[in-house]
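The analysis underlying the following values was restricted to heavy atoms, covering all of them including side chains, and did not include hydrogens, waters or symmetry mates. Below, chains carry the letters A, B, ... as their sequence lines are ordered, and counting in each starts from 1. These numbers come from a predicted model, not from an experiment.
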Number of protein chains: 2
Amino acid sequence: MDDIQPPGRLVTLTDVARAAGLGESTVSRVLRNHGSYSKRAGERVAEAVARLGYVPNRLAGSLAGQGASARLVGVVIPSLANVVFPDLLRGLTAALDAEGIPCVIGVSDYDPDREEALAAALLSWRPAALLLTGLEHNPGTVALARAGGVRVVEMIDTDGAGIDAVVGFSNRAVGAASGRHLVARGYRRIGYLGHDLAVDLRAGKRLAGFEAALGEAGLALRAKEIRPGPSSPTSGRVGLEKLLARHPDLDAVYFSNDDMALGGYFACLAAGVAVPGRLALFGFNGLDFAAAMPQPLSTVRTPRLEIGRQAAACLTGDGPKTIDLGFELIEGATA
Amino acid sequence: MDDIQPPGRLVTLTDVARAAGLGESTVSRVLRNHGSYSKRAGERVAEAVARLGYVPNRLAGSLAGQGASARLVGVVIPSLANVVFPDLLRGLTAALDAEGIPCVIGVSDYDPDREEALAAALLSWRPAALLLTGLEHNPGTVALARAGGVRVVEMIDTDGAGIDAVVGFSNRAVGAASGRHLVARGYRRIGYLGHDLAVDLRAGKRLAGFEAALGEAGLALRAKEIRPGPSSPTSGRVGLEKLLARHPDLDAVYFSNDDMALGGYFACLAAGVAVPGRLALFGFNGLDFAAAMPQPLSTVRTPRLEIGRQAAACLTGDGPKTIDLGFELIEGATA
DNA sequence: AACCAGATTGGCAGCGCTGCCAAAAGACGA
DNA sequence: TCGTCTTTTGGCAGCGCTGCCAATCTGGTT
């Protein structure tokens, strides 16, 4: 037969139908294994598909199908530089790949306006669901999400009201638990070292919970160093050096996350500051390296992969719900 | 007017046209700012869009448009657990977001069969381009990519022949440069510590280049430790402990990447092994923490973000080409 | 041989949009 | 005022597929 297609034109379902000597609907049924068809039809279609190299066009399929929503999910995350978000995606893609649903991603750079623009752009692909990060969004984003007629899942943070489904943990509670831990261990001259809070709202919530816990014990934060830019070990190292220069009397430092804490640990090693004897360090996230350190980092392990998985699981259900996956305080050896 | 839509039905371009008292084509032209239209038409459409909360349906738009290819790119990466790939995506999304093109991603888990399945799945969305990782693929993947009628870009590795465009650096050359560096520094009893090479082919190429460089100097690898599973600081720490137990005489270790090297460094700190006096360490990737360590890690910085950016830039052009972005050896203080 | 329920099949409208083309509306000079 | 050129506009086919419905076929039954 003539396998030769006019170049530039891709093989369509109609081509397959013709090649298989069947109707389009039969081919469609066979390909989706939906409805009934004979064994003979199945074989002929398989043969024609293989011979012509047919790749279905889901653009057309989704457009024609029920509800016109695509087997895609839109995901807006604030960053790819912080391990948290790739981990989230990891849990998500692992769960979704099993169903053959890919993610369309947008990176907002922590900018609510970009988030709104990305949400609109992603919704224009008519995804089955829209996944956002955190609970704080522009009114426009919320309106879009509600009007989009799709399932909306907000990931990571449970401290507040969500649009639809919410999967995460309480950042405030993490901060509080961390604060109580330091207080219980007898630390009294406590400092905080973080990256930009106006940008990373969840770090701000942790800090609020942390300060509240100190307050319960009649304490207050002795010093606070906020570094511009994203979190990183380098930022943590530089930040801790500055913090110690200004407040040499600190006996513990709470970091906005493990990356910052690693930098802080390196600063201590370099300066010969005994950890935790002279200075205790406490992180957040429970990354792999925290456990590999000569003294395992005291930190809080967050269920990042599980958040992604549960978010994927939410897509099938409906109705608002909040899943709090909790967290685990790792005592470690640095605080 | 009746802003009320029958629930469940989303606003369409036809609705906007009716609400604005214009024809569909005029509305389409206004929305895409393509072709000419009057100021009055522009205003009326803007008003109707805002009032009805219209979100265009790109599924339909792409299907109807020229060439029927969507303003999407499909990306298949092997993992999200290794920073390299999020960094790649970071460069990519930064460049593509500017054009309003989102990425549809698939994670293959280093499995060529999954890669093929994902490539097929992504191609079914008729993306403007398909981005793959590395140069080694199933024959089926290559056939799909060629037949898909889309631009194909293979990222990261330039050691071999590509399908279409290739953006990356020579992993073999990285390994060779690393080997020559260690030899030049006078190390002679050199070991290798890596994660699964059968899975991470590029790590294997680096090792091959490394061994070749040792060979040039009349040396051979003294010991090799391959850890199962993905790379991580924990794996690096455990691996180095094993390696040193078996070969206490090693004077340098080449790691498959910085994560492994960090774990190795921690092992040295914990065991009181002087670095680099007693044991030199050499990594790969040039991650942020490498520079923040008390002794900056000797490693090779790879242009991960730039690869993503250049890959995005490739999408507009056509014709096969290879862009070698090179790498930078960072002397550091550990080797 | 006529009949029937169930399995299998094909035709065709239509998903929401764009591209093409022709019609309508302005702009301008004679 | 009229004709001509340009700008603006709307109608409609059709992108590739799915869902619906009616047509056809199958294998018993009577």
Side-chain angles (χ1 to χ4, degrees), chain A residues 5-6 8-45 48-49 52-72 123-127 148-149, chain B residues 5-6 8-45 48-49 52-72 123-127 148-149:
Chain A
Q5 296 298 324
R9 215 182 114 281
L10 275 71
V11 184
T12 70
L13 182 138
T14 309
D15 297 326
V16 174
R18 197 167 16 236
L22 290 165
E24 300 178 33
S25 359
T26 303
V27 175
S28 175
R29 274 187 297 261
V30 171
L31 290 173
R32 288 175 299 145
N33 192 29
H34 176 272
S36 69
Y37 55 88
S38 64
K39 199 176 154 194
R40 196 192 64 122
E43 287 160 0
R44 286 180 158 223
V45 169
V49 163
L52 301 181
Y54 172 67
V55 175
N57 184 335
R58 284 189 197 279
L59 254 31
S62 304
L63 185 61
Q66 301 273 53
S69 104
R71 302 255 302 163
L72 281 177
L123 282 173
S124 73
W125 293 104
R126 295 290 185 267
Chain B
Q5 296 298 324
R9 214 182 115 279
L10 275 73
V11 183
T12 70
L13 182 138
T14 309
D15 297 326
V16 174
R18 200 169 10 240
L22 291 166
E24 299 178 34
S25 0
T26 303
V27 175
S28 175
R29 275 186 297 260
V30 172
L31 289 173
R32 288 175 300 143
N33 191 30
H34 175 272
S36 70
Y37 55 87
S38 64
K39 199 175 154 194
R40 196 192 63 122
E43 287 161 0
R44 284 181 160 221
V45 168
V49 163
L52 300 180
Y54 171 68
V55 174
N57 184 336
R58 285 188 197 279
L59 253 31
S62 305
L63 184 61
Q66 301 274 54
S69 106
R71 300 254 305 163
L72 280 177
L123 282 173
S124 74
W125 294 103
R126 295 289 185 267

### Query
Which of these nucleotides, D/dC17, D/dG19, C/dG16, is closest to any side-chain atom of B/L63?
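For the B/L63 side chain, the nearest candidate turns out to be C/dG16.
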
Rounded to whole Å, how long is the line connecting atom [atom1] of [X] with atom [atom2] of [N]?
X	N	atom1	atom2	answer
B/L123	D/dG16	CG	P	16 Å
B/R58	D/dC15	CZ	C1'	17 Å
B/H34	C/dC20	NE2	C1'	12 Å
A/R18	D/dG16	CZ	P	12 Å
A/R126	C/dC17	CZ	C1'	11 Å
A/W125	C/dG16	CH2	P	16 Å
B/N57	D/dG16	CG	P	17 Å

Does some side-chain heavy atom of [Y] sit less than 4.5 Å from a side-chain heavy atom of [X]?
X	Y	value
A/Y37	A/V45	no
A/N57	A/T12	no
B/R126	A/L10	yes
B/V49	B/L31	yes

- Where is the tightest heavy-atom contact between B/A19 and B/L52, given as atom of each residue plus distance?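 Residues B/A19 and B/L52, closest heavy atoms: CB-CD1, 3.8 Å.
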
Contact string for nucleotides 4-12 of chain C, one letter per nucleotide 5' to 3', B = base within protein heavy-atom range under 4.0 Å, S = sugar-phosphate only, - = neither, reads ----BBBB-

Q.
Quick check on C/dT18: is either OP1 or OP2 less than 4.0 Å from any side-chain nitrogen or oxygen of B/R32?
A.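 Yes, B/R32 has a side-chain N/O under 4.0 Å of OP1/OP2 on C/dT18.
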
*Reckon B/T14 has a side-chain N or O less than 4.0 Å from the OP1 or OP2 of C/dG16?*
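Checking B/T14 against C/dG16: no side-chain N or O falls below 4.0 Å of OP1 or OP2.
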
In Å, rounded to the nearest 0.5 Å, how long is the span from CG of A/L22 to OG of A/S38?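 A/L22 CG to A/S38 OG: 7.5 Å, rounded to 0.5 Å.
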
